[in-house]
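Here the structure comes first, spelled out in structure tokens, and everything after it is commentary.
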Amino acid sequence: QVQLVESGGGLVQPGGSLRLSCAASGSIFSIDSMAWYRQAPGNQRESVARITTSGSTNYGDSVKGRFTISRDNVKNTVYLQMNSLKPEDTAIYYCNVVAMVVAGQSFRDHWGQGTQVTVSS
């Protein structure tokens with residue numbers, strides 16, 4: 001019912017930048033928060049950044065000052081601008097959207113398929 005299509009991952013050198021995008025489509029009545037998570041091999045999935053409907057943001061400690069989350073409420077798209085990338089940022093990045101599919105139902109989590117980000121020289 002809700003499709004999340006991520007793009008923008010890839011290979012980048014340390015100190016470089018990447019911009020991830022995640023577009024939500026399908027049967028969506030309302031979107032609440034939008035977020036990015038990541039999971040490195042052998043690690044648990046961790047929260048990277050979240051943005052509310054009003055534009056309030058919060059970030060994981062390891063990315064503060066380097067990453068910026070934003071959203072376009074008309075396009076139902078969330079972005080993650082990643083600057084000053086480090087090898088430890090290497091992970092699969094997942095888009096998360098909290099959305100209501102049908103009016104009156106509960107908001108639920110929806111996940112993208114993930115996009116690989118590799119930071120290496």
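On a predicted model such as this, the values are computed, not experimentally measured, just so you know.
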Solution key, residues 92-103 side-chain donor-acceptor pairs under 3.5 Å, sequence neighbours excluded:
| unit_1 | atom_1 | unit_2 | atom_2 | d |
| --- | --- | --- | --- | --- |
| Y93 | OH | R38 | NH1 | 2.9 |
| Y93 | OH | D89 | O | 2.6 |
| N96 | OD1 | R50 | NH2 | 3.3 |
| N96 | ND2 | D109 | OD1 | 3.0 |

Any donor-acceptor N/O pair, [X] side chain to [Y] backbone, under 3.5 Å:
X	Y	result
R66	S84	yes
E6	C22	no
S62	G60	no
R71	T52	yes

Hydrophobic clustering (ILVMFWY, side-chain heavy atoms < 4.5 Å, transitive) - are [Y] and [X] grouped together?
X	Y	answer
L80	V119	yes
Y37	I31	no
V2	V78	yes

Below 4.5 Å, heavy atoms only, C-beta onward: do V117 and L20 meet side chain to side chain?
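V117 reaches L20 side chain to side chain.
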
Looking only at the side chains, is there a donor atom on one of S120 and T118 sitting less than 3.5 Å from an acceptor on the other?
no

Suppose we call two aromatic rings close when their centres sit under 6.0 Å apart. Are W36 and F67 close by that rule?
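Not under 6.0 Å, so no.
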
Rounded to the nearest 0.5 Å, the CD1 atom of I51 sits from the OG atom of S70 at a distance of 6.0 Å

Calculate, to the nearest 0.5 Å, the distance between atoms CE and CD1 belonging to M82 and I69 respectively.
11.5 Å

Restricting to non-hydrogen atoms, name the atom on [X] and the atom on [Y] that form the minimum distance, rounded to 0.1 Å.
X	Y	value
N76	M34	O-CE, 3.9 Å
Y59	A49	CD2-CB, 3.5 Å
D32	T53	O-OG1, 3.2 Å
A40	A91	N-CB, 3.8 Å
L85	L18	CD1-N, 3.8 Å

Is it the case that over 12 heavy atoms from other parts of the model lie below 6.0 angstrom from the CD atom of Q1?
no

By side chain to side chain donor-acceptor pair (under 3.5 Å), which residues pair with N83, not counting sequence neighbours?
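Residues passing side chain to side chain donor-acceptor pair (under 3.5 Å) with N83: S17, Q81.
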
Apply side chain to side chain contact (heavy atoms under 4.5 Å, CB included) to Q116 and L11, showing your working.
CA-CA 8 Å; Q116 177 70 47; L11 173 64; over 6 Å; no

Under 6.0 Å from the ring centre and within 45 degrees of the ring axis: does the NZ or CZ of R19 meet both conditions for the six-membered ring of Y79?
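Relative to the ring axis of Y79, which defines the angle, R19 lies inside both limits.
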
